[in-house]
Amino acid sequence: MIRPADRFAACADAVMTARGGFTPNDRLLDGPAAHGVGLGLLSVWIGGPADVPMLRALTTEAAARILHRMVWLPCGAPHFAEGVDLALFAFALEAGTMRALADLQDHLDLPASGAPDAETIAAAAAQDPRLLAADIAALHQAWRALRGLPRWALPNPAARQPARAEA
């Protein structure tokens with residue numbers, strides 16, 4: 001079993017690598033982004049307006065800290081099986097924690113609260129993790145398709161050596 005900090009590091013590395021470094025016009029975030037962090041998320045993180053130079057200066061380590069506290073923990077990823085955690089994290093990063101969890105809950109025939117509650121975690125644990133991860137990836141793709149975004153392949157953290165990230 002992989003330690004929680006290492007699971008986050010592997011998932012964050014996979015997602016940040018897939019999202020890429022600085023881009024001046026991220027279609028999903030409708031503006032500049034770096035390592036999966038847009039101006040909006042960075043502004044919330046710093047407690048005030050962020051700008052493009054701040055995004056350009058954002059290191060992968062700083063982005064990992066932001067994604068850990070603002071996406072990974074709020075979506076409850078540490079409570080889900082390996083693979084499911086990555087699929088949920090990638091979906092929550094793009095669609096938002098509440099949307100990703102509500103879609104998962106709907107898929108599991110649970111009330112869609114958008115919270116990583118005990119009932120959701122237990123229902124997910126009762127599923128085959130590989131199948132559930134694939135189902136979450138399909139929900140993510142459907143969400144992207146509704147917004148006219150291109151298909152996005154779920155990164156594979158096992159194919160990469162995890163980067164050292166703060167947990």
My understanding is that only residues two or more places apart in sequence, or in another chain, count here; which of them pass side chain to side chain contact (heavy atoms under 4.5 Å, CB included) with [X]?
| X | result |
| --- | --- |
| Val52 | Phe22, Pro32, Arg56 |
| Met54 | Leu42, Ile46, Ala50, Asp51 |
| Ala81 | Val84, Pro129 |
| Ala124 | Phe80, Leu108, Leu132 |

Point-to-point distance, once rounded to the nearest 0.5 Å, from CG of Leu101 to NE2 of His107:
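Reported to 0.5 Å precision, the distance equals 13.5 Å.
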In Å, rounded to the nearest 0.5 Å, how long is the span from CD of Gln127 to CD1 of Ile136?
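Those atoms lie 9.5 Å apart.
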Please say whether more than 12 non-hydrogen atoms of neighbouring residues, nucleotides or ligands are located less than 6.0 Å from CE in Met70.
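More than 12 heavy atoms, drawn from other residues, nucleotides or ligands, come within 6.0 Å of this atom.
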Can a side-chain donor-acceptor contact be found between Thr23 and Asp26 if the only test is distance below 3.5 angstrom?
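Thr23 and Asp26 do not have a side-chain donor-acceptor pair below 3.5 Å.
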Is there a side-chain contact between [X] and [Y] in this structure, where contact means two heavy atoms from C-beta onward sitting under 4.5 Å apart?
| X | Y | result |
| --- | --- | --- |
| Leu139 | Asp106 | no |
| Arg144 | Pro150 | yes |
| Val37 | Leu29 | no |

With a cut-off of 3.5 Å and sequence neighbours excluded, list every side-chain donor-acceptor pair involving residues 85-93.
| from | atom 1 | to | atom 2 | distance (Å) |
| --- | --- | --- | --- | --- |
| Asp85 | OD1 | Gly83 | N | 2.9 |
| Asp85 | OD2 | Arg7 | NE | 2.8 |
| Asp85 | OD2 | Arg7 | NH2 | 2.7 |

Please step through side-chain contact (heavy atoms from CB on, under 4.5 Å) for the pair His35 and Arg19, ending with a clear verdict.
CA-CA 6 Å; His35 316 293; Arg19 298 288 309 164; over 6 Å; no
Let me see the working for Asp135 and Leu104 under side-chain contact (heavy atoms from CB on, under 4.5 Å), right down to the final yes or no.
CA-CA 9 Å; Asp135 290 345; Leu104 171 61; over 6 Å; no
Glu94 and Arg147: salt bridge (Lys or Arg N to Asp or Glu O under 4.0 Å), yes or no, with the steps?
CA-CA 11 Å; Glu94 292 195 356; Arg147 283 147 190 81; over 6 Å; no
Do Leu55 and Leu28 sit in one hydrophobic cluster, given that two such residues count as connected whenever their side-chain heavy atoms are within less than 4.5 Å of each other, even indirectly?
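No; Leu28 is not reachable from Leu55 via cluster members.
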Going hydrophobic residue to hydrophobic residue with side-chain gaps under 4.5 angstrom, can you get from Trp45 over to Val71?
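As far as the 4.5 Å side-chain criterion goes, Val71 and Trp45 are connected within one cluster.
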For Asp128, enumerate each residue passing the salt bridge (charged side-chain N to carboxylate O under 4.0 Å, His left out) test, keeping only those at least two apart in sequence or located in another chain.
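Checked Asp128 against salt bridge (charged side-chain N to carboxylate O under 4.0 Å, His left out); matches are Arg130.
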Quick one: does any side-chain atom of [X] pair with a main-chain N or O of [Y] as donor and acceptor, under 3.5 Å?
| X | Y | value |
| --- | --- | --- |
| Gln105 | Gly114 | yes |
| Thr17 | Asp13 | yes |
| Glu119 | Leu110 | no |

Minimum heavy-atom separation for Ala112 and Ala102, please, with both atom names.
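Taking every non-hydrogen atom into account, CB-O, 3.8 Å.
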If you look at every heavy atom in Ala63 and Leu58, which pair is closest and at what distance?
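Closest approach of Ala63 to Leu58, heavy atoms only: CB-CD2, 4.0 Å.
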